[in-house]
Amino acid sequence: MADKTPEEAPEPKAAETTEIAAEPTDDIVTTQHTLTVKRKKLAYTAKAGRIVLRKEIVKDGKSEGFKAKAEVFLTSYTLDDADPGSRPVTFAFNGGPGSSSIWLHMGLMGPRRVLSGDVDDLVPPPYGLADNPETLLAHSDLVFIDPVSTGYSRASDGGETKDFHGFKGDIESVGEIIRLWVSRHERWLSPKFLAGESYGTLRAAGLAAHLQDRHGLYLNGLLLISSVLDLGTLQFTEGNDLPYSLYVPTYAAIAHYHGLHGERPLDDVLADAEDFAAKDLPWALARGARLSTQDRTEAVATLASLTGLSESYVDRVNLRIEHVRFFTELLRDRGLTVGRMDGRFTTWEPDGGRERMSDDPSISRVVGAYAAAFNHYVRAELGYANDLPYELISEDTFKAWSYADFEGRSVSVVDSLSAAMRANPHLRVHVAFGHYDGATAYYAAEHVLAHLQIPEELRENIDTAYYPAGHMMYVHEPTRVQQSKDLAKFVKKASNR
């Protein structure tokens, strides 16, 4: 056989290489700042960045070491020259599920805050930032947590998002973040608090029990803002009549705000609405077809009067007013819909026949200000750079969330919070309500608190605050200032120092 020509000879085979992905590491950036509060200058340290969350891998009863599962973004603020042993620390997060902590961070608690404006005085782009002399940092160190898939937090290479996108996985991962931070910063003897908003209140209550049971980490207090501890009180599903009654006081408050109760004081309207929601309406709904014509007529008239809707509408929906349909219907004759998160907000509805509003103005009118403020702040002032998009609210996470742990029953942490309070009788709970909050109705939250399985003496550990605002109540400037005072007072009292 003739030799092959050079052109026909095979090319040398390249050496095979195997690339091993580098293990992720923490990328925390530290900066120093000052803030003037009541003529006193506070020096504080800010740390922003992602910490690696690892899990031990065990196969056939043998440990194969700890593998990175996620990189979780935190922003922490600690006061300089303070005794860490006696200094309280508050871990804060929002809800969704799928929301970053940007709202509590930049709207209420952090040392810098967004300038968004309010209903009738919204700040135009490009928005801005300002010092927050009402910050909770004056009374407690702060750690803002973005759960996996929110903010800059992501599952690591090889990590699965489904491990974090569910009630149990979320509780375990956020609990591990808190344990790590407390241990690394030697804060086991500090008074410790959890602050959650919306689904974050459900997370906080679940965490109180989990941290006690899993790590022996006992808390001083929970700050529950726009609370929901039992989703069954908010879900308008077939066969569940409870929300149709519990939302009536919120409907009445929103109707009052938009002038549909004339000159009547809000307190009087709410008293009537709460009385009807507690007694006559649940009875009428339970009667079903057994409800007499006269009783039905009276219930329709009362419900219409309280909610600002027409009697014909209330009759057509069979006394069952679903909340998004309410927001769409209330000001239909004005060509407007009202906000779900905050019923004070309105927007134009292009389709006057639409049954469910096309936009929630209480979100769309303020989200731009928060996004601009944080994306500037994190790089320019905190010195943290990451080319990932900062996920304010992850819709994909919300849609993928698993409640498998509650199969066949309501998603509720009433038992968990009750058990945590019984085991730790020093655990105090602060609950903040917005009268115009159409996402987590205040009367529904009151209903849940009344059903906590705790002895009467522990009910003294619960305090409440009501504000003339919505879900993100701190958008309303007078509320933001007063709420900041209320949170500070609670933390100081519950710190036992």
Side-chain angles (χ1 to χ4, degrees), residues 35 37-38 40 42 44 75-79 82 86-95 99 101-114 116 130-145 178 187 190-205 207-208 219-229 342 417 426-435 437 440 442 445 449 460-497:
L35 174 69
V37 176
K38 295 181 178 179
K40 181 180 179 181
L42 301 181
Y44 65 93
T75 311
S76 68
Y77 303 97
T78 54
L79 206 62
S86 60
R87 175 88 172 149
V89 57
T90 300
F91 298 89
F93 35 74
N94 277 82
S99 174
S101 62
I102 190 173
W103 313 101
L104 287 179
H105 184 180
M106 305 301 294
L108 178 63
M109 295 181 176
R112 295 277 279 163
R113 67 182 185 89
V114 61
S116 66
D131 281 343
N132 180 15
E134 293 81 27
T135 176
L136 190 60
L137 179 60
H139 310 279
S140 170
D141 290 340
L142 304 171
V143 182
F144 295 96
I145 302 171
I178 292 170
R187 302 298 292 271
S190 295
K192 291 174 282 295
F193 296 84
L194 302 182
E197 180 179 314
S198 195
Y199 182 88
T201 64
L202 192 140
R203 176 188 290 130
L207 275 169
L219 300 166
N220 289 70
L222 302 179
L223 291 72
L224 308 181
I225 299 167
S226 301
S227 178
V228 51
L229 303 179
D342 190 333
L417 179 55
H426 298 290
L427 177 63
R428 303 189 66 87
V429 180
H430 173 86
V431 189
F433 309 89
H435 280 138
D437 177 4
T440 56
Y442 81 89
L449 292 176
E460 297 178 358
N461 288 7
I462 302 172
D463 68 62
T464 57
Y466 297 81
Y467 304 103
H471 192 71
M472 298 171 291
M473 51 199 70
Y474 37 84
V475 170
H476 180 242
E477 180 64 9
T479 289
R480 183 191 69 80
V481 174
Q482 183 58 50
Q483 185 173 23
S484 298
K485 295 177 182 178
D486 294 339
L487 296 181
K489 180 180 178 181
F490 173 78
V491 167
K492 286 190 286 187
K493 181 178 181 180
S495 293
N496 300 317
R497 295 292 173 89

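Bear in mind the structure is a predicted one, so any value in this text is a computation, not a measurement.
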Query - side-chain contact (heavy atoms from CB on, under 4.5 Å), paired with E197, selected from I225, L224, T440 - result: I225
Query raised in the report: Between R187 and D141, is there a salt bridge with N-O shorter than 4.0 Å?
Result: yes
Query - Donor-acceptor pair, side chain of T201 and main chain of G196, under 3.5 angstrom - result: no
Query raised in the report: What class does the angle between the rings of Y44 and Y77 fall in, given that below 30° is parallel, 30 to 60° is tilted and above 60° is perpendicular?
Result: perpendicular
Query raised in the report: To the nearest 0.5 Å, what is the distance between NZ (K38) and CD (E134)?
Result: 9.0 Å
Report summary line: Scanning both residues in full, the closest heavy-atom pair of L222 with A205 reads CD1-CA, 4.2 Å
Query - Spatial distance of atom OG (S116) from atom CD (E477) [nearest 0.5 Å] - result: 9.0 Å
Query - Shortest non-hydrogen contact between T75 and H105, atoms and distance - result: CG2-CE1, 3.6 Å
Requested in this report: Report the distance from atom CZ of F93 to atom OH of Y199, rounding to the nearest 0.5 Å.
Outcome: 10.5 Å
**Report entry** Minimum heavy-atom distance A195-L104, with the two atoms named
**Finding:** O-CD1, 4.1 Å
Query raised in the report: Judged by modelled atom types alone, do H471 and D342 share a side-chain donor-acceptor pair under 3.5 Å?
Result: no
**Report entry** Contacts of D486 that satisfy salt bridge (charged side-chain N to carboxylate O under 4.0 Å, His left out) - sequence neighbours left out
**Finding:** none
Query raised in the report: What are the two closest heavy atoms between S227 and L229, and how far apart are they?
Result: OG-CG, 3.7 Å
Requested in this report: Could you please spell out the steps behind the side-chain hydrogen bond (donor to acceptor under 3.5 Å, both in side chains) verdict for R428 and N496?
Outcome: CA-CA 11 Å; R428 303 189 66 87; N496 300 317; over 6 Å; no
Query raised in the report: Are L487 and H430 close enough, and set up right, to give a side-chain contact (heavy atoms from CB on, under 4.5 Å), and what steps lead you there?
Result: CA-CA 8 Å; L487 296 181; H430 173 86; 3.7 Å; yes
**Report entry** Steps toward side-chain contact (heavy atoms from CB on, under 4.5 Å) verdict (S495, F193)
**Finding:** CA-CA 9 Å; S495 293; F193 296 84; 3.6 Å; yes
**Report entry** Nearest-0.5 Å distance that lies between atom CG in L136 and atom OG1 in T90
**Finding:** 5.0 Å
**Report entry** Atom pair CZ (F91) and CG (L219), whose distance is rounded to the nearest 0.5 Å
**Finding:** 9.0 Å
**Report entry** F490 versus D463, closest heavy-atom pair with distance
**Finding:** CD1-OD2, 3.2 Å
Report task. If the plane angle is over 60° it's perpendicular, under 30° parallel, otherwise tilted; pick one for Y466 and F433. Result -> parallel
**Report entry** CE on M106 to OG on S101, rounded to 0.5 Å
**Finding:** 10.0 Å
Query raised in the report: Judged by atom type as modelled, is there a donor-acceptor pair below 3.5 Å linking the side chain of T135 to the main-chain atoms of M109?
Result: yes
Requested in this report: Could you tell me which non-hydrogen atom of N220 sits nearest to which non-hydrogen atom of A494, and how far apart they are?
Outcome: ND2-O, 3.0 Å
Query - Sole residue of L108, N132, D131 in side-chain contact (heavy atoms from CB on, under 4.5 Å) with R113 - result: N132
Requested in this report: Would you check, one step at a time, whether the test side-chain contact (heavy atoms from CB on, under 4.5 Å) holds for I178 with V143?
Outcome: CA-CA 9 Å; I178 292 170; V143 182; over 6 Å; no
Query - H476 and Y467: CA distance, side-chain angles, deciding distance, side-chain contact (heavy atoms from CB on, under 4.5 Å) verdict - result: CA-CA 9 Å; H476 180 242; Y467 304 103; over 6 Å; no
